[in-house]
Amino acid sequence: MRKLMLTAVALVAGIAGASAQTYPTRPITIVVPFAAGGPSDALARVLADRMGRSLGQQVIIEDVVGASGSIGVGRVVRAAPDGYTLSIGHWSTHVVNGAIYNLPYDLLNDLAPIARLPSNPQFIVSKKSLPAGNLKELIAWLKANASEATAGTAGAGSASHVAAVYFQNITGTHFTFVPYRGTGPAMNDLIAGHIDVIIDQTSNSMPQVKAGTIKAYAVTAKERLASAPDIPTVDEAGVPGLYISVWYGLWAPKGTPKDIIAKLNAAAVEAMADPAVRKRMDTFGLEIPPRDQQSAEALGALQKAEIEKWWPIVKAAHITGE
Ligand code: ASP
C-alpha cells in the first residue's frame with residue numbers, strides 16, 4: 001500500500017514537473033483591471049508583446065474593469081494557479097484597495113508575486129481652456145470655482161483619486177470627483193473639456209501634454225522628469241510633499257508552481273532589458289526598477305512595506321467612496 005502511494009506521489013510530481021517544463025503550451029492572459037487605452041492597459045500591452053516573444057506564446061490582454069481595479073484582481077485570485085491567468089496592477093490596486101474595499105481576497109496571501117515592473121509619478125493636469133498659468137493659479141481657480149470644479153478619477157481609491165484627495169487636503173480646495181473605468185476614458189473627457197483636472201500617471205498624460213491638448217502644472221515627485229524637464233515638482237510649484245509613485249507589478253494566483261513563476265519573471269526581466277521597451281518607458285516617464293529589484297521577492301517585500309505604510313494613512317483620510 002505504502003509503495004503504491006509513493007508511486008502515485010511520484011507520478012503526480014512527475015506530471016507537475018513535466019507541465020512546468022513545457023509551460024507555456026497555449027496563450028497566457030494578463031488581466032488589466034482598468035479600461036483599455038489607459039496607463040495600466042498601455043504598459044501591459046508593451047510588456048506582454050515582448051514577454052510573448054521570450055515565452056514562445058502569445059500574451060493576451062483582457063481588461064476587466066470595476067471597483068477601482070478590485071474586480072479584475074479578484075478574477076485572477078480565483079483563476080487556476082497554472083500560469084495562464086496573471087494580474088497586472090499597481091500601488092492602488094494591490095495596496096490601497098485593501099484599505100478601502102472589503103475585498104473577498106487577501107492581497108498579500110492570495111497572490112504570488114512574479115516581478116516588479118516600472119513605476120511613474122503623476123502629473124497634475126487640467127483641460128487646456130482652464131485660465132491658470134501655474135499651480136498656484138490653478139489652486140486659486142479651484143477655490144473660486146469650488147461648486148462647479150470637477151476632477152476625473154479611475155474610481156474610489158484609484159491612484160488618481162487618492163492623489164486628488166491628498167491634493168485637496170494640502171491645498172484646502174474642494175471639487176467634485178467624477179469616476180471613470182480608468183484614466184484612459186477620463187483623459188478623453190479632459191481633452192474634450194468635460195472635466196477640469198486629473199492627477200494622472202505621467203505615462204497617460206505625457207503625449208497630451210507634449211501635444212498641447214492639456215496643461216501640466218507639476219509632477220508628484222522630488223525630482224523633475226528627464227522626459228519633461230519643464231514641468232516643476234510639486235515642491236517647486238506649491239504643493240509640497242505630494243509625492244506619489246505609482247509602481248507596477250505582475251502577480252499569479254497563489255499556488256502557481258515556482259518554476260512557472262521563474263519563467264514568467266525571466267520573460268518580464270528580458271522585456272525590461274530590451275532597448276526598444278526601455279526607450280518607450282523613458283518617453284512616458286516610466287522608470288524601470290534596477291535589476292536586483294525586478295525579482296518576485298522584491299515585489300512581495302515592496303507590496304508588504306507599502307501596505308504597512310499606506311493603509312493607516314488611507315484609513316485616517318477616510319477615503320471610502322467618491
Ligand atoms: N491606474 C489608473 C489610476 O489608478 C487608472 C488606469 O490605469 O486607467 O488612476
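Remember, it's a predicted structure, so these values are computed and weren't measured experimentally. We count ligands from 1, going down the list as the structure has it; atoms in each ligand are counted the same way.
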Ion pair present between [X] and [Y], side-chain N to carboxylate O less than 4.0 angstrom?
| X | Y | value |
| --- | --- | --- |
| R26 | D82 | yes |
| R45 | D63 | yes |
| D259 | K263 | no |

Closest contact, heavy atoms only, R116 versus L302: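 Closest approach of R116 to L302: NE-CD2, 3.5 Å.
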Check the angle between the aromatic planes of H161 and F177 and answer parallel, tilted or perpendicular using the 30° and 60° thresholds.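 Rings of H161 and F177: perpendicular, over 60°.
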Taking the inter-plane angle between the rings of F34 and H90 on a 0 to 90° scale, is it parallel (under 30°), tilted (30 to 60°) or perpendicular (over 60°)?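 Judged by the thresholds at 30° and 60°, the geometry between F34 and H90 is parallel.
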Ligand 1 to Y248 polar contact by distance, N or O atoms, under 3.5 Å: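 Among all N and O atoms of Y248, none is under 3.5 Å from an N or O of ligand 1.
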I want to know if ligand 1 touches D41 in the polar sense, i.e. an N/O pair below 3.5 angstrom.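 Between D41 and ligand 1, no N or O pair is found under 3.5 Å apart.
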Could you tell me whether ligand 1 has any atom less than 4.0 Å away from a heavy atom of Q201?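 Q201 counts as a contact of ligand 1 under the 4.0 Å cut-off.
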Under 4.0 angstrom from ligand 1, any heavy atom of P39?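 For ligand 1, residue contact (heavy atoms, under 4.0 Å) with P39 is present.
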What are the atoms of ligand 1, with element, lying closer than 4.0 Å to any heavy atom of [X]?
| X | answer |
| --- | --- |
| G182 | 8 (O) |
| A159 | 3 (C), 4 (O), 9 (O) |
| A154 | 3 (C), 5 (C), 9 (O) |

Tell me the protein heavy atom at minimum distance from [atom], and give that distance in Å.
| atom | result |
| --- | --- |
| atom 9 (O) of ligand 1 | S160 OG, 2.6 Å |
| atom 8 (O) of ligand 1 | T183 N, 2.9 Å |
| atom 7 (O) of ligand 1 | S40 OG, 2.7 Å |

Ligand 1 versus H90, non-hydrogen atoms closer than 4.0 Å: side chain, backbone, both, neither?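 Contact part for H90 vs ligand 1: side chain (C-beta onward).
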Give a yes or no on whether the backbone of T171 and the side-chain of K143 come within a donor-acceptor separation of less than 3.5 Å.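 The answer is yes, because a donor-acceptor pair under 3.5 Å joins these two groups.
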Answer yes if the ring centres of Y84 and Y23 are under 6.0 angstrom apart, and no otherwise.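 Under 6.0 Å, so yes.
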